[in-house]
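Here's the structure we're looking at; comments come further down.
Please read all numbers here as calculations on a predicted model, not as lab measurements. We use all heavy atoms of the structure for the numbers below, so side chains are in, but hydrogens, waters and symmetry mates are not.
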Amino acid sequence: MSADKPNGIVDEDNALLHTALFKQVSPEEADQLLPHLKRWTLNKGGFIFREGDVDHRMYILEDGRVKLTRQADDRRVQLLSIHGRGEILGEIPVFDPTGGPRTASAVAMTNGTTVVSLEHDDLFAWLDEHPRVAVDMLQVLAGRMRANNERICDLVFMDVPARLAKTLIDLAHRFGEPIEAGLMVPHDLTQEELAQLVGASRETVNKALMDFDNRGWIARKGRAIIIFQPGMLIRRSRR
């Protein structure tokens with residue numbers, strides 16, 4: 001992972017200006033952080049941070065996709081979530097008053113994945129000057145807690161096809177690309193990882209995918225899925 005200093009963030013199209021850190025501040029105020037930011041570029045499979053690390057940096061995903069994983073004692077790896085452009089990563093050790101190690105590993109899913117890092121002390125010094133940004137960050141954290149609670153409820157109350165349909169709709173909303181046939185969703189996941197994201201066995205998820213395919217709702221194309229009928233997936237996710 002190579003690092004350099006960002007050479008400017010005042011471009012309105014820059015992902016940094018659309019994160020919780022920057023969206024409520026002026027470019028001039030955001031510019032105060034420039035001396036403290038470091039940009040990191042990784043290729044697919046590169047680690048931004050590893051489970052158990054004790055650094056206190058927070059990361060902002062500027063470009064690419066990143067997956068969070070956790071490893072069990074028997075070395076099995078569980079996919080926890082996928083993150084895209086503009087999202088914050090690794091905030092738990094930054095806001096945990098006891099510090100503590102990283103609870104997951106962050107792995108680049110695409111070549112040229114770019115993140116910007118910010119140290120704990122630099123962030124808190126800046127938040128002292130711009131306290132309204134702290135409120136925005138609390139809203140982001142609250143949103144993640146809500147999403148985690150919803151995921152737990154889904155695992156309890158929804159069957160696998162419903163969870164799969166909901167997962168595909170979420171991936172399409174965040175990463176989908178319109179094409180003539182429908183919506184291309186490049187997930188870059190193995191069959192096992194997609195099953196982990198749904199919270200079910202690979203065999204059960206593959207069976208549900210085949211059913212969706214046979215119904216004409218989707219088609220599988222390598223590590224991507226073409227959605228022909230998103231409305232049917234939405235309806236199935238609510239059953």
Side-chain angles (χ1 to χ4, degrees), residues 15 43-46 61 63-72 74-89 104-113 140 143-239:
N43 287 324
K44 184 175 181 178
L61 180 50
D63 196 27
R65 287 195 298 276
V66 169
K67 59 184 178 182
L68 293 185
T69 65
R70 188 158 186 166
Q71 183 169 290
D74 60 6
R75 305 190 68 81
R76 287 180 300 165
V77 175
Q78 175 71 38
L79 174 63
L80 301 177
S81 58
I82 296 175
H83 298 269
R85 185 176 188 261
E87 294 190 49
I88 295 174
L89 302 169
S105 297
V107 186
M109 299 179 66
T110 55
N111 289 328
T113 293
V140 171
R144 290 197 177 180
M145 290 180 63
R146 183 186 297 275
N148 287 337
N149 289 339
E150 184 174 345
R151 178 175 171 81
I152 292 171
C153 289
D154 290 347
L155 290 171
V156 174
F157 297 115
M158 296 173 67
D159 62 13
V160 172
R163 297 204 303 269
L164 173 61
K166 188 172 183 177
T167 298
L168 294 179
I169 290 298
D170 176 64
L171 292 174
H173 175 72
R174 299 167 66 200
F175 308 116
E177 304 168 1
I179 59 174
E180 185 174 351
L183 195 63
M184 176 74 76
V185 185
H187 54 73
D188 297 317
L189 300 173
T190 65
Q191 291 182 347
E192 183 64 32
E193 287 176 325
L194 181 59
Q196 290 173 6
L197 199 59
V198 174
S201 69
R202 184 177 66 180
E203 293 77 14
T204 307
V205 169
N206 280 340
K207 182 179 179 181
L209 282 171
M210 289 180 60
D211 180 56
F212 292 173
D213 196 333
N214 291 336
R215 292 173 182 270
W217 298 354
I218 68 165
R220 286 180 281 184
K221 186 176 182 180
R223 292 194 177 183
I225 289 176
I226 302 174
I227 297 178
F228 302 124
Q229 298 188 47
M232 297 305 295
L233 290 178
I234 293 172
R235 180 181 299 177
R236 184 61 183 85
S237 72
R238 294 173 177 172
R239 285 171 47 187

On a heavy-atom basis, which atom in Gln229 and which in Gly216 lie closest, and how many Å separate them? NE2-O, 3.5 Å

Minimum side-chain heavy-atom gap Arg220-Ile225 below 4.5 Å: yes

Quick check for you: to the nearest 0.5 Å, what is the distance between Leu194 atom CG and Asn206 atom CG? 8.0 Å

Set of residues satisfying salt bridge (Lys or Arg N to Asp or Glu O under 4.0 Å) with respect to Glu192, sequence neighbours excluded: none

Roughly how far, to the nearest 0.5 Å, is CZ of Arg144 from CZ of Arg151? 14.0 Å

Show the atom names and distances, to 0.1 Å, of all donor-acceptor pairs under 3.5 Å that link a side chain in residues 168-187 to residues at least two apart or in another chain.
unit_1	atom_1	unit_2	atom_2	d
Asp170	OD2	Arg174	NH1	3.4
Arg174	NH1	Ile82	O	3.1
Arg174	NH2	Ile82	O	2.5
Arg174	NH2	Glu87	OE2	2.8
His187	ND1	Leu189	N	2.9

Mind checking salt bridge (Lys or Arg N to Asp or Glu O under 4.0 Å) for Arg223 and listing every partner two or more places apart, or none if nothing turns up? none

Heavy-atom closest contact (Ile234 atom, Ser237 atom, distance): O-OG, 2.7 Å

ring-ring contact (aromatic ring centres under 6.0 Å, His included) pairs touching residues 190-222, sequence neighbours excluded, are Phe212-Trp217

Closest heavy-atom pair, Ala200 versus Val205, reported as atoms and distance to 0.1 Å, is CB-CG2, 3.9 Å

Considering residues at least two apart in sequence or located in another chain, which fulfil the side chain to side chain donor-acceptor pair (under 3.5 Å) criterion with Arg163? none

Could you report the tightest heavy-atom contact between Ala208 and Leu164, atom names first, then the distance? CB-CD2, 3.5 Å

Answer yes or no: is there a side-chain heavy-atom contact under 4.5 Å between Gln196 and Thr190? no

Atom CG in Asp188, atom CZ in Arg65: separation rounded to 0.5 Å? 4.5 Å

Quick check: do Leu61 and Thr113 have side-chain heavy atoms less than 4.5 Å from each other? yes

Under 4.5 Å between any side-chain heavy atoms of Lys166 and Glu150, yes or no? yes

Just verifying a value: how many Å separate Gln78 CD and Glu193 CD, rounded to the nearest 0.5 Å? 10.0 Å

Mind listing the closest non-hydrogen atom pair of Asn43 and Gly112 along with its distance? OD1-N, 3.7 Å

Looking at every heavy atom in both Ala219 and Asp213, which two are closest together, and how far apart are they? CA-OD2, 4.2 Å

Could you check if a side-chain atom of Ser105 sits within less than 4.5 angstrom of a side-chain atom of Gln71, using non-hydrogen atoms only? no

Only one of Thr204, Val198, Ile218 clears side chain to side chain contact (heavy atoms under 4.5 Å, CB included) with Leu209; which? Ile218

Hits for salt bridge (Lys or Arg N to Asp or Glu O under 4.0 Å) against Arg215, two or more places apart or cross-chain, chain-then-number order -> Asp211

